[in-house]
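Notes follow the structure.
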Amino acid sequence: MNIPFLDNWRRRHGTEHAETLATAVRNDPQGVGELLSECELLRARAGQDGLQLDDSPASLAALDQLPPHWRDDPEELPWLGNDAGLYLGTIIVRTVPGAVWDVWPGGTPVVRLESGREINVVEAGLDWAVAGAPELSQVYGEAAEG
């Protein structure tokens, strides 16, 4: 998986050797969380539809209601889905007690809930971008319930 924000993290922290995302999450979870929350493409497309994303659970429901213009561009679709998943994960980590970012061995960023359950938010974001389901607000609701 190509994760461009990791290069930004490396430059900001002056690392000369290639660190994995898992190492970055362990060493600087807040910094990685900030980078994961950028979601520039999603924020830009939402803004074009008049939606300012405020990193709240309510913004997920608002995203669910947007017309899916991104489906017209097959090259942009996976990037927007990736951003949607990272945005979902950001909101879960910021608002659900005990939720943290984690990384699977293959490098996939996931959210681990206090219960130990792991949510592949990137996969959820891609599913949402392609098919509209599950809705981002639904995934958040299930995470918030426990």
Side-chain angles (χ1 to χ4, degrees), residues 1-12 18-26 28-146:
M1 169 183 245
N2 179 18
I3 305 178
F5 67 82
L6 189 54
D7 290 332
N8 293 335
W9 185 89
R10 288 181 187 135
R11 280 193 293 276
R12 287 184 192 169
E19 288 196 28
T20 65
L21 180 57
T23 302
V25 168
R26 277 193 310 275
D28 187 6
Q30 184 176 356
V32 171
E34 288 175 23
L35 288 170
L36 291 171
S37 72
E38 289 179 3
C39 311
E40 292 178 21
L41 179 60
L42 179 69
R43 290 179 190 280
R45 294 300 171 261
Q48 289 172 347
D49 281 326
L51 175 60
Q52 291 301 115
L53 300 180
D54 61 2
D55 297 352
S56 71
S59 67
L60 294 172
L63 276 171
D64 289 336
Q65 300 306 310
L66 288 180
H69 303 295
W70 54 85
R71 292 187 191 142
D72 297 336
D73 186 346
E75 290 183 22
E76 186 174 277
L77 183 63
W79 294 105
L80 188 118
N82 187 71
D83 272 11
L86 295 176
Y87 184 72
L88 168 64
T90 295
I91 295 172
I92 293 171
V93 167
R94 290 182 179 172
T95 62
V96 175
V100 296
W101 284 107
D102 201 358
V103 180
W104 283 344
T108 301
V110 297
V111 172
R112 186 172 22 89
L113 302 177
E114 192 170 50
S115 66
R117 177 177 166 226
E118 293 177 327
I119 302 170
N120 185 340
V121 291
V122 171
E123 181 179 73
L126 290 168
D127 290 346
W128 171 82
V130 170
E135 291 185 338
L136 299 174
S137 58
Q138 176 187 353
V139 176
Y140 174 82
E142 291 170 4
E145 287 177 0

ring-ring contact (aromatic ring centres under 6.0 Å, His included) contacts touching [range] (sequence neighbours left out):
range	value
residues 29-50	none
residues 106-125	none
residues 118-146	Trp70-Trp128

Query raised in the report: Can you name the salt bridge (Lys or Arg N to Asp or Glu O under 4.0 Å) partners of Glu40, sequence neighbours left out?
Result: none
Report task. Could you tell me which residues satisfy salt bridge (Lys or Arg N to Asp or Glu O under 4.0 Å) with Asp55, sequence neighbours excluded, listed by chain and number? Result -> Arg43, Arg94
Report task. Starting at CG of Leu88, measure out to CG of Asp83 and round the result to the nearest 0.5 Å. Result -> 12.0 Å
Report summary line: d(Glu75 CD, Leu80 CG) to nearest 0.5 Å is 14.0 Å
Query - Intermediate values then yes/no, side-chain contact (heavy atoms from CB on, under 4.5 Å), Ile92 and Leu113 - result: CA-CA 9 Å; Ile92 293 171; Leu113 302 177; 4.0 Å; yes
Testing the basics here: between [X] and [Y], what is the closest heavy-atom pair and its distance to 0.1 Å?
X	Y	answer
Val96	Ala144	CG2-CA, 3.9 Å
Thr95	Ile91	OG1-O, 2.6 Å
Ile119	Ala143	CD1-CB, 3.5 Å
Gly81	Ala129	CA-CB, 3.6 Å
Cys39	Leu36	SG-O, 3.3 Å
Ser56	Tyr87	N-OH, 4.0 Å

Could you pull out all residues at least two apart from [X] that satisfy side-chain contact (heavy atoms from CB on, under 4.5 Å)?
X	value
Ala46	Leu51, Leu53, Leu63, Leu66
Glu145	none
Pro67	Asp49, His69
Glu142	Arg117, Gln138

Report task. Output, in order, the C-alpha distance, side-chain angles, deciding distance and verdict of side-chain contact (heavy atoms from CB on, under 4.5 Å) for Val121 and Val139. Result -> CA-CA 9 Å; Val121 291; Val139 176; 5.5 Å; no
Query raised in the report: Taking atom CD of Gln48 as the centre, does the number of heavy atoms from other residues, nucleotides or ligands within less than 6.0 Å exceed 12?
Result: yes
For residues 99-106, dump all side-chain donor-acceptor pairs below 3.5 Å to protein atoms at least two apart in sequence or in another chain.
from	atom 1	to	atom 2	distance (Å)
Asp102	OD2	Arg112	NE	3.2
Trp104	NE1	Glu118	OE1	2.7

Query - Side-chain touch Leu42/Leu86, heavy atoms, less than 4.5 angstrom - result: no
Query raised in the report: Which pairs with one or both residues in residues 64-74 pass salt bridge (charged side-chain N to carboxylate O under 4.0 Å, His left out), sequence neighbours excluded?
Result: none
